[in-house]
Amino acid sequence: MSVTIKSLREIELMREAGKLLGKAHDELGKAIRPGMSTKEVDRIGEEIIRSYGCIPSFLNYNGFPASICVSVNEEVVHGIPSKHRILQDGDIVSLDAGLIYKGYHSDAARTVAVGEISDDAKKLIEVTKQCFFEGIKFAKEGNHLNDISTAIGEYARSFGYGVVEELVGHGIGTELHEDPQIPNFPMKRKGIKLQAGMTLAIEPMINMGTCKVEWLDDGWTVVSKDRSLSAHYENTILITKDGCEILSLTEE
Ligand code: MG
């Protein structure tokens, strides 16, 4: 599949899909508290998305059994919500969600604190978020994909963190995952040249320890190999002539 360039009409729909997802994250993030099961988090998230008249795109995607990926502490991504997994004070939880609005996808993730968390955990969350903002400084027509990847990876590594390499960002549009793949670390190749009208999901996944990850026996949950804390931050963006527009982030 080649990289799609969205028309003005499609961009309008992507903007709306992104805006609604940003709002959903704001609402869901505020609902998180110690004592909740990750299943409850999923239920609330799905309800919010459906209340906007949208479809949760992760539900049944390649067989994923929930609407929200809820990944706790050392879990990097794709955590399967469970009524047996109870959020504890001091945990960090990564919430990854996607929705479909009139046939167009948005995808975004936030890592949030459960109750009071350690300063180290706060720093990991902040740096991971900043990795996204460092990356998108280069998200502009005429630049190359690797400019974004390099900025993300170098920023994370400057803190001694592990940059997950086995999972990457992606193009997005009428499909959840479109070309190109967008690594969060410097590549040898420049990658494709960015063009206005491309819509991309940029999503640094950063571990406090090793960059290595492994998959749990459930076939979905990705954890850091050394079980160190992991954070995730993602937005859907639109490449423009002179920069980018973050589609899935509200004023909050
Ligand atoms: Mg994504």
Side-chain angles (χ1 to χ4, degrees), residues 1 3-4 6 14-15 17-25 28-29 41-42 45-46 49 54-71 75-81 93-101 103-112 125 128-129 131-136 139 145 148-149 152-153 156 163-185 191-192 194 198-207 213 215 220-223 230-239 244-249:
M1 197 169 121
V3 180
T4 58
K6 274 72 180 180
M14 293 286 299
R15 276 199 185 105
K19 199 172 95 184
L20 291 170
L21 184 57
K23 220 171 104 178
H25 264 299
L28 182 59
V41 176
D42 175 55
E46 178 170 357
I49 290 170
C54 298
I55 299 164
S57 53
F58 294 179
L59 186 61
N60 299 323
Y61 185 84
N62 291 336
F64 188 75
S67 298
I68 314 291
C69 295
V70 188
S71 309
E75 295 171 359
V76 180
V77 286
H78 306 163
I80 300 176
V93 60
S94 298
L95 308 168
D96 192 356
L99 62 75
I100 307 168
Y101 172 79
Y104 284 82
H105 288 255
S106 55
D107 186 2
R110 313 278 185 256
T111 299
V112 306
I125 292 173
T128 302
K129 181 175 179 180
C131 282
F132 167 85
F133 286 98
E134 294 298 319
I136 65 162
L145 204 56
I148 298 176
S149 300
I152 292 172
V163 178
V164 175
E165 298 185 359
E166 281 159 273
L167 298 140
V168 296
H170 50 93
I172 181 167
T174 53
E175 304 287 337
L176 175 57
H177 294 115
E178 297 186 355
D179 281 342
Q181 294 201 339
I182 309 169
N184 295 304
F185 54 91
I192 59 156
L194 301 173
M198 287 178 178
T199 44
L200 310 172
I202 308 288
E203 52 176 322
M205 288 154 266
I206 309 296
N207 297 343
V213 296
W215 272 255
W220 280 104
T221 314
V222 181
V223 296
S230 185
H232 186 194
Y233 187 83
E234 174 183 29
N235 281 304
T236 299
I237 69 165
L238 165 71
I239 302 295
C244 76
E245 221 179 285
I246 306 173
L247 303 181
S248 56
L249 191 61

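Predicted model only: the values in this text are computed from it and were never measured. Below, all heavy atoms of this structure are taken into account, side chains as well, without hydrogens, waters or symmetry copies. Counting starts at 1 for both ligands and their atoms, following the listed order. One-based numbering along the sequence shown.
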| said: Side chains of N207 and S230 only: does a donor on one sit below 3.5 Å from an acceptor on the other? | reply: yes
| said: Which label fits H177 and H170: parallel for a plane angle under 30°, tilted from 30 to 60°, or perpendicular past 60°? | reply: perpendicular
| request: Report yes or no: does S57 contribute a side-chain atom to a donor-acceptor pair with the main-chain N or O of G98 at less than 3.5 Å? | output: yes
| Are any side-chain N or O atoms of S248 and backbone N or O atoms of T236, one a donor and one an acceptor, separated by less than 3.5 Å? | yes
| Heavy-atom closest contact (I125 atom, V112 atom, distance) | CD1-C, 4.4 Å
| field | By side chain to side chain contact (heavy atoms under 4.5 Å, CB included) - contacts of V77 (at least two apart) | value | L167, M205, V222, H232
| remark: Shell check on the Mg ion (ligand 1): protein N, O or S atoms less than 2.8 Å away are D107 OD2, H170 NE2, E203 OE2, E234 OE2
